[in-house]
Amino acid sequence: MPRVFSQELLERLRSAKHVAILTGAGISAESGVPTFQGGFWGKYSPEELATVEGYIKDPKLVWDWYAERRRELRQIKPNAGHLALARLEQRGLRCTVITQNIDGLHQLAGSARVIELHGSLHRVKCFSENTLASGWENAAESPPRCPDCGAWLRPDVVWYGETLPPLALAEAMAASRACDLFFSIGTATQVYPAASLPQTALAAGVPVAEVNPDYTPFTAYATYVLRGPAGQVLPRLLAATWPA
Ligand code: APR
């Protein structure tokens with residue numbers, strides 16, 4: 001945990017007009033959501049739960065597993081890290097939160113501009129037509145059927161081997177290049193293309209601060225390394241930047 005932050009970082013944050021923030025599972029860890037490396041898939045493998053092939057093989061298993069995660073989320077609250085990012089935006093500077101998380105906790109914390117690169121557990125779409133669906137909540141079948149075409153429904157999340165929503169990715173890349181300061185928070189920076197965004201920022205001349213208790217493949221490139229849990233580092237960073 002940094003006891004003092006670099007004055008240069010504090011000054012950059014103080015004078016920034018636009019901050020882009022890439023977040024990963026680590027920012028939700030202190031809310032009680034397991035990280036992907038820390039047991040998110042439980043006794044299953046990502047191949048079983050997060051691929052089209054896995055879904056076709058056992059749609060009920062996959063649907064029920066995500067339904068259980070959705071139920072669990074009702075009890076889960078944003079933590080001090082999410083709230084600090086929402087407060088940053090409330091200070092009036094433009095914040096683009098680019099998240100790989102599907103839990104909706106940034107929005108719940110109050111962040112208004114959130115780009116969801118990997119979809120959302122809160123949305124459901126037609127497996128056949130890829131269109132968002134509603135009115136499935138009380139269906140008896142598992143998975144429920146699309147009200148329009150009768151195909152199965154699936155969570156609106158990006159599975160392994162699938163492409164990211166093109167508009168979300170384009171907006172994330174544009175924000176990474178256009179911002180004054182970029183944060184990479186709670187992500188192992190191992191899954192692409194999200195993992196390329198900190199490099200995209202650096203290539204555009206934007207300094208990048210990494211917030212993570214551990215080293216990642218990106219750490220060696222980071223302009224500032226803030227070692228520690230996001231729920232502790234981020235509130236302290238805000239307090240140091242704008243002392244009361
Ligand atoms: N604060 C900040 N970072 C933390 C914290 C914390 N309290 N706890 C853990 N971390 C860090 C870990 O050190 C690790 O670097 O968060 C990172 C979590 O890494 P992953 O579990 O791999 O999650 P993420 O990088 O978000 O994964 C990216 O991979 O499995 C796919 O689609 C899935 O969106 C996911 C993507």
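Everything quoted here is computed from the prediction, not taken from an experiment. Note that ligands are numbered from 1 as they come in the structure, with each ligand's atoms numbered from 1 the same way.
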Are Cys95 and Arg113 side-chain neighbours, meaning at least one heavy-atom pair lies under 4.5 Å?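 The answer is no; the side chains never approach within 4.5 Å.
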Under a 4.0 Å threshold between the charged nitrogen and the carboxylate oxygen, would Glu162 count as salt-bridged to Arg154?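 Yes, Arg154 and Glu162 are salt-bridged.
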Pairing residues for Phe36 by the side-chain contact (heavy atoms from CB on, under 4.5 Å) criterion, not counting sequence neighbours: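 Phe36 satisfies side-chain contact (heavy atoms from CB on, under 4.5 Å) with Ala25, Phe40, Trp41 once adjacent residues are dropped.
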Can you work out which protein residues put a heavy atom within less than 4.0 Å of ligand 1?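 Contacting ligand 1 under 4.0 Å are Gly24, Ala25, Gly26, Ala29, Glu30, Thr35, Phe36, Gln37, Gln100, His118, Tyr160, Gly186, Thr187, Ala188, Val191, Asn212, Pro213, Asp214, Pro229, Ala230.
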side-chain hydrogen bond (donor to acceptor under 3.5 Å, both in side chains) between Gln199 and Ser196: does it pass, once the steps are laid out? CA-CA 5 Å; Gln199 294 287 2; Ser196 68; over 6 Å; no
His18 and Thr96 side chains, donor-acceptor separation under 3.5 Å: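 Looking only at side-chain atoms, His18 and Thr96 do form a donor-acceptor pair, the distance falling under 3.5 Å.
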Minimum heavy-atom separation for Arg14 and Thr241, please, with both atom names.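 So the minimum-distance heavy-atom pair works out to NE-O, 2.7 Å.
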